[in-house]
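Numbering starts at 1 and runs along the sequence shown. Counting convention: from 1, in listed order, for ligands and their atoms alike.
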Amino acid sequence: MKIAFFSALPFEQTCFESYCKHHQITYIPEALDIDTVGKAKGHQAVCAFVNDDLSKPVLERLHALNVSIVGLRSAGVDNVDQFTLTRLGMTLIKIPGYSPHAVAEHTVALLLGLIRHLPEASQRVQCGNFAIDGLMGTDLHGKTVGVIGTGRIGRAFAQIMLGFGCTLLAYDIQPSQPLRAAGVQYVSLNELMAQADVVSLHCPLTNQTNALIGPLTLALMKPEAILINTARGRLIDTDAVLNALDKQLLRGYATDVYENEKSYFHHDFSEKDIPDNRLNRLRHHPNVLLTAHQGFLTKETLSQIALGLLNQFTFYENRQTQPTTQTSLC
Ligand code: NAI
């Protein structure tokens, strides 16, 4: 199968090529959008990532180019117009089962990095400054952690926090019985926001969760609380979070995602201007720890995504050409 692989990063190409036996992959560094969609011409499938645009006009153009399969390298599907995709009879493939631990563990890394001032501590040591004044942190043991969205990643994060000796609260439209059995208490969103010392977001971006954390929800939080977001930038009203930090109504914000990350994340802007004032406020705020959407980025996860997607491309290729043939690995 000929696959147009958009938003290709060099390390992804290395990983996919090491597993790919017979598909022909065209690695395209640009993101998929209405201006770049023409690059999919001559391919049967596209492979897209978190910041690629799979809205109605792009899908209609892909369909007109005879692309019938969309493979997603991300777990979230908020960038896909699934109604249009189904209407056009296109197939969506993704790897929902890839390691939730990668993102859960990155969430813990962000939390610890923020509350123990690790970026500043490391910078000081690099400069030969071994003073520790101003680096006082807080224990996590004994604190209350609120998890919003207890699917695969939220559950993995909650389990780690139980191991730290935290009390766990959760909010989800579909509570998890195993988590309840493990001692996690489900409460309303308002109760969680008011009681938690740490609030961590692990729900998908949908119409219901867009700007879930805004002025009203932030007003419920303890001024000493920490907010963490490794899910999607638009779950948060970033300006409201920055204002709460400035007014000391919130202690810290650690995040792997940003509402306008598409234009910047996964690219090197160190020699260029960044004309996004909101992003610049986040980057330079003393109480913010920001990474550029790397929660998924472990050896294990990347291998699972590559192998899983390539096998599914093979499955659909076999189904299209020889419906009765057994699938073989890519
Ligand atoms: P999942 O589908 O296993 O779990 C999502 C949970 O959110 C479910 O339990 C669902 O019931 C709950 N939920 C849905 N709507 C809700 C609402 N309105 N209020 C409260 N809870 C709600 O998804 P998974 O795999 O745990 O991933 C969660 C999110 O993490 C993804 O949607 C994606 O946005 C993000 N993600 C981030 C990555 C990163 O690299 N930073 C990598 C992978 C995923």
With a 4.0 Å cut-off, would you call Arg234 and Glu261 a salt bridge?
no

Does Val103, backbone or side chain, put an N or O under 3.5 Å from an N or O of ligand 1?
no

Restricting to non-hydrogen atoms, name the atom on Ile305 and the atom on Ile95 that form the minimum distance, rounded to 0.1 Å.
O-CG1, 4.1 Å

If the cut-off is 4.0 Å to any non-hydrogen atom of His293, which atoms of ligand 1 fall inside it?
38 (C), 39 (C), 40 (O), 41 (N)

For Arg232, the ligand 1 atoms whose distance to one of its heavy atoms is below 4.0 Å:
33 (C), 34 (O), 35 (C), 36 (N), 37 (C)

Taking only heavy atoms of Ala75, which atoms of ligand 1 are found under 4.0 Å from at least one of them?
43 (C), 44 (C)

Geometry only, no angles: is Gly154 polar-contacting ligand 1 at N/O separations under 3.5 Å?
no

Distance filter under 4.0 Å to Asp256 heavy atoms, resulting ligand 1 atoms
39 (C), 40 (O), 41 (N)

Can you name the atoms of ligand 1, numbered from 1 with element, that are less than 4.0 Å from a heavy atom of Pro204?
5 (C), 7 (O), 13 (N), 14 (C), 32 (O)

Give a yes or no on whether atom 3 (O) of ligand 1 lies under 4.0 Å from any heavy atom of the protein.
yes

Would you say Thr206 and ligand 1 have an N/O pair spaced under 3.5 Å apart?
no

For Thr209, the ligand 1 atoms whose distance to one of its heavy atoms is below 4.0 Å:
17 (C), 18 (N)

Polar-atom distance check: Arg152 versus ligand 1, any N or O pair below 3.5 Å?
yes

Cation-pi check, Arg283 to Tyr258: give yes when NZ or CZ is under 6.0 Å from the six-membered ring centre and within 45° of the ring axis, no otherwise.
no

Does any part of the side chain of Ile148, heavy atoms only, come nearer than 4.5 Å to the side chain of Leu192, both counted from C-beta?
yes

Answer yes or no: are there more than 12 heavy-atom neighbours, outside Lys262 itself, under 6.0 Å from its atom NZ?
yes

Counterpart residues, salt bridge (charged side-chain N to carboxylate O under 4.0 Å, His left out), relative to Glu259 (two or more places apart)
Arg278

Which atoms of ligand 1 sit under 4.0 Å from any heavy atom of Tyr171?
19 (N), 20 (C)

So for Leu205, does at least one of its heavy atoms come nearer than 4.0 angstrom to any atom of ligand 1?
no

For ligand 1, which atoms have a heavy atom of Gly295 less than 4.0 angstrom away?
40 (O)

Taking distance alone, with N or O pairs closer than 3.5 Å, would you say Gly76 contacts ligand 1?
no

Does any pair with a residue in residues 156-178 pass side-chain hydrogen bond (donor to acceptor under 3.5 Å, both in side chains), and if so which ones, sequence neighbours excluded?
Thr150-Asp172

Sub-4.0 Å heavy-atom contact, Pro100 with ligand 1
no

